[in-house]
**Q** 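After the structure tokens below, expect a handful of questions from me.
Within every chain, numbering begins at 1; the chains are lettered A, B, ... in the order of the sequence lines, protein sequences first and strands thereafter.
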Amino acid sequence: MPDTISITLPDGLARELPAGSTGADLAAAIGTRLARDAVIAVVNGTERDLGDPLPDGATVEIVTAASERGLFTIRHSTAHVLAQAVLDLFPGATFGIGPPVEDGFYYDFELPGGATFSPDDLERIDARMREIIAEAQPFVRDEIPSDRAREVFAAHPYKLEIIAGAAEDPTSVTEAGVVRTYENPPNFIDLCRGPHVRDTGHHLGHFKLMRVAGAYWRGDERNPMLQRIYGTAWHSKAALEEHLHRLEEAAKRDHRKLGNELDLFSFPDEIGSGLAVFHPKGGIVRRIMEDYSRRRHEEAGYEFVYSPHITKAGLFETSGHLEWFAEGMFPPMELDGGTEYYLKPMNCPFHCLIFRHRTRSYRELPLRMFEFGSVYRYEKSGVVHGLTRVRGMTQDDAHIFTTKEQMGDELDSLLTFVLDLLADYGLDDFYLELSTRPEEKAIGSHEDWDEATEALRQAAAKRDLDLVLDEGGGAFYGPKISVQARDAIGRTWQMSTLQLDFQEPQRFGLEYVGRDGQRHTPIMIHRALFGSVERFFGVLTEHYAGAFPTWLAPVQVRVLGVRGDHDDYAAAVAARLRAAGFRADWVEADEPLGARIRRAKLEKLPHVLVVGDDDVAAGTVADNARGAERPERDIPFDDFAARLRAEVAERR
RNA sequence: GCCCGAGUAGCUCAGUCGGCAGAGCGGUUCACUCGUAAUGAACAGGUCAGGGGUUCGAUUCCCCUCUCGGGCUCCA
């Protein structure tokens with residue numbers, strides 16, 4: 001046996017090490033800095049503990065703490081520390097699973113007698129975790145026979161379930177009767193595939209327990225609810241603080257907070273959960289959003305239709321909604337001696353009836369019907385959330401009836417239309433998601449589903465965008481592509497959905513006469529670009545942090561006189577701007593100028609005009625523009641108006 | 001729907017041995033007339049989310065309902 005081994009590094013260079021050397025030894029041989037930052041090693045593509053001996057001839061990459069995989073490991077190891085702390089502090093507690101997640105980790109527990117964690121408990125757990133970290137307990141990897149594992153975890157039913165069921169799970173901790181474990185001596189052991197940091201003294205400690213929440217065991221609402229503790233963990237104190245700062249910044253953009261502060265919309269208790277009213281300022285933003293959308297749809301060949309908010313039950317029996325979507329619908333009203341009426345949860349059945357009103361020719365296809373359709377969905381009480389999840393919403397909904405031959409081209413141009421339009425509202429960073437047939441709730445044949453899914457896949461593939469598969473996430477009548485947009489601070493939001501539907505046209509008996517003189521069933525494409533106007537409004541509010549671009553801003557210009565004797569001129573400037581089609585107001589000078597400017601800035605207005613003696617004399621304005629370094633003086637009124645016009649036209 | 005937490009003035013929040021409800025901002029009025037992010041004073045403003053219970057007495061303790069927040073499940 002040779003007494004040295006040869007290791008290849010990611011840069012292709014080779015290194016000789018004494019036989020039996022570990023990842024840690026390799027890191028140390030490369031440099032003290034790397035030795036300090038090393039978390040795990042990737043050996044021939046597989047993640048390994050730093051303490052594992054390296055095989056001769058291996059390609060090895062040292063993963064450092066600040067890297068994605070390093071952080072993943074740190075969070076994973078911190079989750080183990082959390083579990084140990086909870087098992088220490090709460091006799092009789094048992095534990096479920098505890099994986100790393102984005103920015104952090106969680107662990108699920110069950111306390112004896114159905115007890116729950118309190119915020120005070122989190123402090124105690126935090127303190128115990130820091131003790132464990134100070135003890136620098138090693139993470140000791142082991143593989144034990146399943147029988148033995150069942151003894152070790154005899155008191156932990158969820159672990160026993162994992163041991164029993166893991167055979168079918170590809171990310172399994174078991175293999176051929178062997179169970180992988182990690183132990184933190186003296187008294188904590190968990191099922192785990194690893195890898196982990198060397199010991200609790202390495203890289204851990206920059207964490208914060210964030211919250212406690214309920215979570216169903218294995219994510220299934222038929223299972224018991226466990227107590228989940230969420231935490232965040234980082235490789236350094238600075239990174240942790242940065243993360244907490246980012247959370248604060250995101251909270252400042254929260255559309256619910258801004259909607260209140262900027263007087264855009266509210267959810268009066270008197271109306272009901274998830275039902276919004278838009279105030280005058282929010283109403284302006286919404287109207288501009290809708291007007292622009294209407295114009296673009298008109299240009300793209302859509303025809304505008306209107307349909308009522310309620311309908312007899314029969315319509316939703318035909319469409320299949322009462323069979324497949326009933327739990328998302330408000331209960332029926334009984335009218336006219338027993339006839340049931342429902343609030344509509346979707347617009348498509350109405351559009352199908354419009355299509356069916358007379359015989360259609362292939363020459364009319366693709367037929368595109370657009371409606372700002374208000375729909376009502378009975379969302380479960382725990383899920384309503386600001387404007388992004390409501391019970392009453394308006395969809396910018398359209399249904400496109402096409403032939404099978406046209407379907408591909410139509411999907412293509414539709415995707416272009418969607419992405420262009422979203423970009424006009426300031427969202428231009430996207431990825432696509434393809435949602436396929438739901439396992440348990442779907443109508444229609446597998447052949448239809450396969451064909452529809454393939455058509456969507458091809459349309460999506462032509463884009464230079466990432467495509468993510470969402471297995472089983474389609475609607476009951478068809479698969480869909482959803483456009484996910486990243487906002488100004490990198491969060492993603494589901495925006496547009498494009499759904500292909502072979503089923504409803506059949507259910508409604510929709511037909512067109514083809515070139516061949518025969519009757520054919522059209523295909524229907526459901527699509528909403530905003531998703532819902534409400535959600536889109538919320539997303540734009542967060543994207544712009546309430547500072548709407550000029551074309552959308554509720555008030556585009558505020559005019560302030562320097563002193564009271566400039567008020568007449570200020571009022572005149574505002575009036576001229578309004579006459580020119582802008583949204584301008586003025587505020588009289590009964591407070592110091594600085595105070596009035598401050599108020600205008602807090603309202604996030606695009607332009608604050610200040611006018612004084614010089615301006616009255618010369619017919620000019622001074623513009624304190626949002627985001628500008630300093631105010632600009634002596635702008636002739638007409639010049640300012642022209643600039644503003646350009647700003648609006650270019651949707652800046 | 002389920003788990004945890006929270007509802008006090010328009011907004012943000014103080015108010016723990018149970019004993020007449022507070023601040024700042026905002027609003028109104030008056031004074032100040034000011035060239036780019038907070039002028040001063042006075043006044044108004046509350047069924048302490050709603051209902052029930054315990055108590056001589058409940059914003060405070062208990063129960064129910066509603067609403068909101070964070071999660072889970074579900075979803076535009």
**Q** Indicate, with a heavy-atom threshold strictly under 4.0 Å, whether A/Asp614 touches base, sugar-phosphate, or nothing.
**A**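 Base: the residue A/Asp614, judged by heavy atoms under 4.0 Å, touches a nucleobase.
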
**Q** Look at all strands and tell whether A/Phe530 reaches a base, only sugar-phosphate, or nothing, counting heavy atoms closer than 4.0 Å.
**A** nothing

**Q** Go ahead and name the base partner of B/C74; Watson-Crick or wobble counts if both distances stay under 3.5 Å, otherwise write none.
**A**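 Partner of B/C74: none found under 3.5 Å.
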
**Q** Taking for each residue the nucleotide of RNA chain B bearing the nearest heavy atom, is the 5' side occupied by A/Asp220 or by A/Gly274?
**A** A/Gly274

**Q** Identify whether any heavy atom of A/Arg633 sits under 4.0 Å from a base atom; if not, whether one sits that close to sugar-phosphate; answer base, sugar-phosphate or nothing.
**A**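 Counting heavy atoms under 4.0 Å across all strands, the contact made by A/Arg633 includes a base.
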
**Q** With rounding to the nearest 0.5 angstrom, report the CZ to CG distance, A/Phe95 to A/Leu226.
**A** 12.5 Å

**Q** Are A/Tyr292 and A/Tyr425 close enough that their ring centers fall under 6.0 Å?
**A** yes

**Q** Any base atoms under 4.0 Å from A/Gly214, or only sugar-phosphate, or nothing? Heavy atoms, all strands.
**A** base

**Q** I'd like to check A/Leu529 versus A/Ser293 (side-chain heavy atoms, cut-off strictly below 4.5 Å). Are they in contact?
**A**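 In short, these two side chains do not touch, never coming nearer than 4.5 Å.
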
**Q** Taking atom types as modelled, find out whether A/Glu647 and A/His607 have a side-chain donor-acceptor pair closer than 3.5 angstrom.
**A** yes

**Q** Once you apply a heavy-atom cut-off of 4.0 Å, does A/Ser532 come out as touching a base, just sugar-phosphate, or nothing?
**A**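 The answer is base, as A/Ser532 lies within the cut-off (heavy atoms under 4.0 Å) of a base atom.
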
**Q** Please report whether the ring centroid of A/Tyr107 lies less than 6.0 Å from that of A/Phe105.
**A** no

**Q** By the 4.0 Å heavy-atom rule, please label A/Glu261 as base, sugar-phosphate, or nothing.
**A** nothing

**Q** Determine the sole option in A/Phe304, A/Phe417, A/Tyr306 for which the ring-ring contact (aromatic ring centres under 6.0 Å, His included) test with A/Phe370 is passed.
**A** A/Phe304

**Q** Have a look at A/Gly594 and say if it touches a base, only the backbone sugar-phosphate, or nothing, with a 4.0 Å heavy-atom cut-off.
**A**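 If one applies the 4.0 Å heavy-atom cut-off, A/Gly594 turns out to touch the sugar-phosphate alone, with no base involved.
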
**Q** Using a heavy-atom cut-off of 4.0 Å across all strands, would you classify A/Asp269 as base, sugar-phosphate, or nothing?
**A** sugar-phosphate

**Q** Check every strand shown and say whether A/Ala622 touches a base, only sugar-phosphate, or nothing at a heavy-atom separation below 4.0 Å.
**A**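 It contacts base atoms.
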
**Q** Partner lookup for B/C66, please. Criteria are Watson-Crick or G-U wobble with both distances under 3.5 angstrom; report none if nothing qualifies.
**A**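 Its partner is B/G7 (Watson-Crick or G-U wobble, both distances under 3.5 Å).
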
**Q** Checking A/Arg486 against A/Trp493: charged group under 6.0 Å from the ring centre and within 45 degrees of the axis?
**A**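 No cation-pi geometry.
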
**Q** In this structure, which one of A/Tyr342, A/Phe476, A/Phe350 forms a ring-ring contact (aromatic ring centres under 6.0 Å, His included) with A/His321?
**A**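 One option only clears the test, and that one is A/Phe476.
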
**Q** Answer yes or no for A/Arg286 and A/Phe537: cation-pi contact, defined as NZ/CZ to six-membered ring centre under 6.0 Å and angle to ring axis within 45°.
**A**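 The answer is no, since A/Arg286 fails at least one limit relative to A/Phe537.
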
**Q** How is A/Lys480 classified with respect to the nucleic acid when contacts are heavy atoms under 4.0 Å: base, sugar-phosphate, or nothing?
**A**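 If one applies the 4.0 Å heavy-atom cut-off, A/Lys480 turns out to touch the sugar-phosphate alone, with no base involved.
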
**Q** Classify the nucleic acid contact of A/Arg377 as base, sugar-phosphate or nothing, counting any heavy atom under 4.0 Å across all strands shown.
**A** base

**Q** Heavy atoms only, 4.0 Å cut-off, all strands: where does A/His566 land among base, sugar-phosphate and nothing?
**A**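 Nothing: the residue A/His566, judged by heavy atoms under 4.0 Å, touches no strand.
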
**Q** Is it true that A/His279 and A/Ser266 share a donor-acceptor pair across their side chains at a distance under 3.5 Å?
**A**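 On atom types as modelled, these side chains qualify, holding a pair under 3.5 Å.
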
**Q** Strictly by Watson-Crick or wobble contacts shorter than 3.5 Å, is anything paired with B/G26, and which nucleotide is it?
**A**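 Result: none.
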
**Q** If you measure from the P atom in B/G46 to the same atom in B/G10, how many Å do you get, rounded?
**A** 8 Å

**Q** For nucleotides B/U8 and B/G70, find the distance between their C1' atoms and express it as a whole number of Å.
**A** 22 Å

**Q** For nucleotides B/A37 and B/A21, find the distance between their P atoms and express it as a whole number of Å.
**A**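 Here B/A37 and B/A21 have their P atoms 43 Å from each other.
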
**Q** If the C1' atom of B/G26 is compared with that of B/A38, how far apart are they to the nearest Å?
**A** 13 Å

**Q** Does A/Arg294 count as lying over the ring of A/Phe372, i.e. NZ or CZ under 6.0 Å from the six-ring centre, within 45 degrees of the axis?
**A** no

**Q** If the C1' atom of B/G57 is compared with that of B/G53, how far apart are they to the nearest Å?
**A** 15 Å

**Q** Between B/G19 and B/C68, how far is it from one P atom to the other, in whole Å?
**A** 32 Å

**Q** Expressed as a whole number of Å, how far does the C1' atom of B/A49 sit from that of B/C56?
**A**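 Those two atoms are separated by 27 Å.
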
**Q** So what does A/Glu327 touch, heavy atoms closer than 4.0 Å: a base, only the sugar-phosphate, or nothing?
**A**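 Counting heavy atoms under 4.0 Å across all strands, no contact is made by A/Glu327.
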
**Q** Could you check A/Asp254 against A/Glu221 and say which one's nearest nucleotide on RNA chain B is further toward the 5' end?
**A**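 Comparing both residues, the 5'-ward one is A/Asp254.
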
**Q** Any strand counts, and the cut-off is 3.5 Å on both contacts for Watson-Crick or G-U wobble. Which nucleotide pairs with B/C56?
**A**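 Base partner found: B/G19.
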
**Q** Quick one: how far along RNA chain B does chain A reach, first to last nucleotide 5' to 3', anything under 4.0 Å to a heavy atom?
**A** B/G1 to B/A76

**Q** Let's see if you get this right: which residues in residues 390-397 of chain A place a heavy atom under 4.0 Å from RNA chain B?
**A**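 Residues of residues 390-397 of chain A under 4.0 Å from RNA chain B: A/Val390, A/Met393.
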
**Q** Name the nucleic acid region contacted by A/Gly219, choosing base, sugar-phosphate or nothing; use a 4.0 angstrom heavy-atom cut-off, strictly under.
**A**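 If one applies the 4.0 Å heavy-atom cut-off, A/Gly219 turns out to touch the sugar-phosphate alone, with no base involved.
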
**Q** Using atom C1' of each nucleotide, how far apart are B/C11 and B/G7 to the nearest Å?
**A**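 That atom pair is separated by 15 Å.
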
**Q** Surrounding NZ of A/Lys208 (heavy atoms of other residues, nucleotides or ligands, distance under 6.0 Å), is the total greater than 12?
**A**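 Atom NZ in A/Lys208 is not crowded, with 12 or fewer foreign heavy atoms closer than 6.0 Å.
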
